[in-house]
Student: 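The structure is given below, and queries will be raised subsequently.
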4 protein chains.
Amino acid sequence: MIKKEKITDKKSALLSATLTLVNDHGFHDAPMSKIAKLAGVAPATIYLYFENKQNLINTLYLEVKASFNKFAFNGYHEDMPVKKGFEIIWYNVADYKLNQIKEASFLSQCDNTPMIDEEIRKEGLKHLQPLLDLWEKGKEEGIIKPLSIFVLYSYAIYPLSFLMAMQDRNLYTLDKKVLDETFRAAWDAIKL
Amino acid sequence: MIKKEKITDKKSALLSATLTLVNDHGFHDAPMSKIAKLAGVAPATIYLYFENKQNLINTLYLEVKASFNKFAFNGYHEDMPVKKGFEIIWYNVADYKLNQIKEASFLSQCDNTPMIDEEIRKEGLKHLQPLLDLWEKGKEEGIIKPLSIFVLYSYAIYPLSFLMAMQDRNLYTLDKKVLDETFRAAWDAIKL
Amino acid sequence: MIKKEKITDKKSALLSATLTLVNDHGFHDAPMSKIAKLAGVAPATIYLYFENKQNLINTLYLEVKASFNKFAFNGYHEDMPVKKGFEIIWYNVADYKLNQIKEASFLSQCDNTPMIDEEIRKEGLKHLQPLLDLWEKGKEEGIIKPLSIFVLYSYAIYPLSFLMAMQDRNLYTLDKKVLDETFRAAWDAIKL
Amino acid sequence: MIKKEKITDKKSALLSATLTLVNDHGFHDAPMSKIAKLAGVAPATIYLYFENKQNLINTLYLEVKASFNKFAFNGYHEDMPVKKGFEIIWYNVADYKLNQIKEASFLSQCDNTPMIDEEIRKEGLKHLQPLLDLWEKGKEEGIIKPLSIFVLYSYAIYPLSFLMAMQDRNLYTLDKKVLDETFRAAWDAIKL
DNA sequence: TATGAATGAGTATTCATTCAT
DNA sequence: AATGAATGAATACTCATTCAT
């Protein structure tokens, strides 16, 4: 339907504009007027698609988080061997964080600011479950260290956020070889 | 001297108020008026001690970063064996991040937002050198993986930021035993 | 068009309010809030029509200057005899300065204060050219003293500013007869 | 007396600083703090010598005006012939306006702003009396046009303010020869 | 006499949001 | 659905003035 598409078009233009502005200048310098201008609509139009600024930010957060989670499990099946499954997920995450920098950077900013409502933040996590299940299986099989999922996440996945940030600031660049060594470090950290 | 103390008193009250407000509401909702109120002074008084808001934030960042760096190397000597040295530093960092939550949380927010000038951020890093030197020595001795300092940092130190955040949000708590296991994961990640 | 008129309406209300306030209290005591109030709009509305205060002042200056210049050459033609042409211009200027006191007084204030950007001030002068050309012709014809245009202006036109100021302060009033004598003084000053 | 001198010293340093700042940036950008700094005293010290800012400005105005008036009548005697007397006064004024630019420029700014209290402005005029008397005598003797002193002043003296302003802005410079021609214009304007 | 610290009241400007069209 | 105009409330910052010392 043309009409439906048009609506989606404007809404996603707004979300995209917000992503860009928040990344470039931070939450504190991403006014609605600039968002509207960058999206090519009038300020008042934003309020046809979003209740208010908080809702716009929350929506963007959830959407980006969902895209991230979906990306993470691309090619993964529950019944894969633990290491193989982890490897696939890890490389997916690395791929996302190091290449979809805009989105990854935005998530990083959201995860370290009181700007996002705690409730929304929790909702954004729910799609991560398959990875937690995988680790549970790995622990049962004696392959993964018997650590809390928080600790496992902090060593297996979280470091990539740091490397993404360094790359974003042009302080460091990862090539394929280094990426493999980095995966090795992740695996060493969590494997028994 | 009473006078000097008084000055320091007001200045540090302002820094402390800023720390609290930025942590609680984010940079974008920590107006000078609230900072002044929390510090018990008039808004105009802030400008006796800081040039402007950016300067206040920068100053706070550098001060907190300095206190963190100082804390990190407490009890450490250059001529310690690599693992021992790393252990001391790691536990110091863990101690700081998990107990001085306000400060650690603030640093985390600063490191993931464009609110701090890049120049200032770089200045805040310079005291980390001893750890980088230690890793260099470890690499030469064949104890540490031959990885970039960015990768080593991301696996050895950065995960603690995540655990700190989880603890701050009351989602997780580390006891002594878990902390030791967590150290083990860090060491496994970077050791050869 | 109703819409267009409305815009012009508010913009010119703001210009008019600024003129009044700057005249009454000086540039230093004509805050945006008072300007807005006198114009019957909210302070923020000013910024829909003007970039900032300086731009508002500059715009007003140029507009008033333009109206003055236009008024000055009313009924004047290049091919008039020198004395006749000067007479027409002089009486026009006198008419403006002595009757459009608000505008004239504002220009006087602007011309003696660093509040107007020099660049803008220069722009405001460019419409004076026909008078300068007339004087040039008069010099060639041996009717006007061979003096710099600055000197000619200072004696032919500038004195009216003083008389306007005196009248504005109710210290003096010019009637028709005195005006004619005053013109005679102007002419005596510049004629050969 | 050393003490008295010291007081005068600070007071005149303040007046001089005010003159400089008002000339350079206008009334609206000559804050007490800058005045104090330029005079080499603490802000609070200003209030030992002047009641408030208005009083400081008024005092400065009267002082400069007095110095101007005194300068104007240097070498003049009541019993001189009218033209000779006028010549002396006119050249004195020209000398002051074209050389003591700072002071003259300040007076010009004051004379065109509502910043100076009308009462003070009147007080500043009282020393001009000898010139008015001279013109009165000239009128009686049939040498000067029978015009109001306001008109005479506007043609005889006021033009110099314009020429001073042009010179101050580096748009024009008067040498001795031009000055003589300019005097001629003044005399032609007012003589019968 | 002199001051540095302190501030209440103000200043220009911004911004999320509304509303008539 | 879409918007341009409008604004109340806020924001960072300034300044003339005071006061304890």
Side-chain angles (χ1 to χ4, degrees), chain A residues 3-4 6-7 9-11 28-37 39-57, chain B residues 2-3 6-7 9-11 28-36 40-57, chain C residues 2-3 6-7 9-11 28-36 40-57, chain D residues 3-4 6-7 9-11 28-37 39-57:
Chain A
K3 219 169 186 180
K4 184 61 179 277
K6 233 182 169 180
I7 288 176
D9 199 49
K10 243 162 209 178
K11 186 170 185 178
H28 67 285
D29 193 26
M32 296 299 252
S33 55
K34 275 190 194 166
I35 291 171
K37 185 173 283 176
V41 301
T45 305
I46 301 180
Y47 294 87
L48 295 176
Y49 299 98
F50 305 96
E51 224 176 282
N52 51 33
K53 189 172 186 181
Q54 184 66 52
N55 177 247
L56 166 60
I57 298 285
Chain B
I2 291 171
K3 218 168 186 181
K6 234 180 170 179
I7 288 176
D9 199 50
K10 238 157 213 179
K11 186 171 185 178
H28 72 287
D29 193 26
M32 298 301 252
S33 56
K34 277 190 192 166
I35 291 171
V41 300
T45 304
I46 300 180
Y47 297 88
L48 293 178
Y49 299 98
F50 305 96
E51 229 174 276
N52 50 37
K53 189 172 184 180
Q54 186 65 54
N55 176 247
L56 166 59
I57 298 284
Chain C
I2 291 169
K3 219 171 186 178
K6 233 183 170 177
I7 288 177
D9 199 48
K10 238 158 214 177
K11 187 171 183 178
H28 73 286
D29 193 27
M32 297 301 251
S33 56
K34 277 189 193 167
I35 291 171
V41 301
T45 303
I46 300 179
Y47 295 88
L48 294 178
Y49 300 97
F50 305 96
E51 230 175 276
N52 50 37
K53 190 173 183 177
Q54 185 67 51
N55 176 247
L56 165 60
I57 299 283
Chain D
K3 221 170 185 179
K4 185 60 180 277
K6 233 183 170 176
I7 288 176
D9 198 49
K10 245 163 209 176
K11 187 170 183 179
H28 67 286
D29 194 25
M32 296 298 252
S33 55
K34 276 190 194 165
I35 291 172
K37 185 172 284 175
V41 302
T45 304
I46 301 181
Y47 294 86
L48 296 176
Y49 298 98
F50 305 95
E51 227 176 279
N52 51 34
K53 191 172 184 180
Q54 184 67 53
N55 176 246
L56 166 60
I57 298 285

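Since the structure is predicted, the reported quantities are computational estimates derived from the model, not experimental observations.
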Student: How long is the line joining CG of Leu56(D) and P of dA16(F), in whole Å?
Tutor: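 Result: 10 Å.
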Student: Quick one: is Thr45(C) getting a side-chain N or O under 4.0 Å of the dA6(F) phosphate, OP1 or OP2?
Tutor: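 No, outside the criterion.
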Student: Round to a whole Å and report the spacing from CG of Leu48(B) to C1' of dC15(F).
Tutor: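 Computing the Leu48(B):CG to dC15(F):C1' distance gives 12 Å.
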Student: Measure the distance from CG on Asp29(C) to P on dT14(F) and round it to the nearest whole Å.
Tutor: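 Roughly 19 Å, once rounded to whole Å.
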Student: If you pin Asn52(C) and Lys53(A) to their nearest nucleotides in DNA chain E, which one's is more 5'?
Tutor: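 The residue whose closest nucleotide sits nearer the 5' end is Asn52(C).
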Student: Using whole Å, what does the distance between atom C1' of nucleotide dA10(F) and atom NE2 of His28(B) come to?
Tutor: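 Whole-Å distance recorded here is 14 Å.
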Student: If I take atom NZ from residue Lys53(B) and atom NE2 from residue His28(A), how far apart are they, to the nearest 0.5 angstrom?
Tutor: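 Between atom NZ of Lys53(B) and atom NE2 of His28(A) there are 8.0 Å.
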Student: Could you go step by step and tell me if Lys10(A) and Leu48(A) meet the side chain to side chain contact (heavy atoms under 4.5 Å, CB included) rule?
Tutor: CA-CA 10 Å; Lys10(A) 243 162 209 178; Leu48(A) 295 176; over 6 Å; no
Student: To the nearest 0.5 Å, tell me how far Lys11(B) NZ sits from Phe50(B) CZ.
Tutor: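 If I round to the nearest 0.5 Å, the distance is 5.0 Å.
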Student: Tell me the closest heavy-atom pair linking Ala42(C) and Ala36(C), and the distance in Å.
Tutor: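 The answer is C-CB, 3.9 Å.
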Student: Can you measure Phe50(D) atom CZ to dA16(F) atom P for me and round it to whole angstrom units?
Tutor: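 The distance from CZ of Phe50(D) to P of dA16(F) comes to 15 Å, rounded to the nearest Å.
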Student: Tell me whether the OP1 or OP2 atom of dA1(F) has a side-chain N or O from Lys10(A) closer than 4.0 Å.
Tutor: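 Negative; the distance criterion is not met.
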Student: Could you tell me how far apart Asn55(D) (CG) and dA16(F) (C1') are, to the nearest whole angstrom?
Tutor: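 Whole-Å distance recorded here is 14 Å.
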Student: NZ of Lys11(C) versus P of dA6(F): gap in Å, rounded?
Tutor: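 Rounded to the whole Å, the gap is 13 Å.
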Student: Whole angstroms only, please: what is the CD1-P distance between Ile35(C) and dT11(E)?
Tutor: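 My rounded result for the distance is 11 Å.
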Student: Phosphate oxygens OP1/OP2 of dA2(F): is one of them under 4.0 Å from a side-chain N or O of Tyr49(A)?
Tutor: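 True: Tyr49(A) side-chain N/O within range (under 4.0 Å) of dA2(F) OP1/OP2.
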Student: Taking all atoms of both residues into account, what is the closest heavy-atom pair of Met32(B) and Ile46(B), and its distance?
Tutor: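 Distance-wise, the nearest heavy atoms are O-CD1, 3.5 Å.
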Student: Rounded at 0.5 Å granularity, tell me how far CD1 in Ile35(C) sits from CG in Leu56(C).
Tutor: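 If I round to the nearest 0.5 Å, the distance is 5.5 Å.
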Student: I need the Asn55(A) CG to Tyr49(A) OH distance, nearest 0.5 Å.
Tutor: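 Separation between the atoms: 14.0 Å.
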Student: Just jot down the side chain to side chain donor-acceptor pair (under 3.5 Å) partners of Glu51(B), sequence neighbours excluded, or say none.
Tutor: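 Counting only residues at least two positions away or on another chain, Glu51(B) forms no side chain to side chain donor-acceptor pair (under 3.5 Å).
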Student: Map every base of DNA chain E to its dot-bracket character, where paired means a Watson-Crick or G-U wobble contact with both distances under 3.5 Å and | marks a partner outside the strand.
Tutor: .||||||||||||||||||||
Student: Quick check on DNA chain F: between Met32(D) and Ser33(B), whose nearest nucleotide comes earlier from the 5' end?
Tutor: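 Here Ser33(B) is the residue nearer the 5' end.
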Student: Any idea which of dT11(F), dA16(E), dG4(E) is nearest the Ala42(D) side chain?
Tutor: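 Of dT11(F), dA16(E), dG4(E), dG4(E) is nearest to the side chain of Ala42(D).
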Student: Can you tabulate the close N/O pairs, meaning under 3.5 Å, that link protein atoms to atoms of nucleotides 19-21 of chain F?
Tutor:
none

Student: Take Val41(B) and Pro43(A), find for each the nucleotide of DNA chain E with the closest heavy atom, and name the residue whose nucleotide sits nearer the 5' end.
Tutor: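 The residue whose closest nucleotide sits nearer the 5' end is Val41(B).
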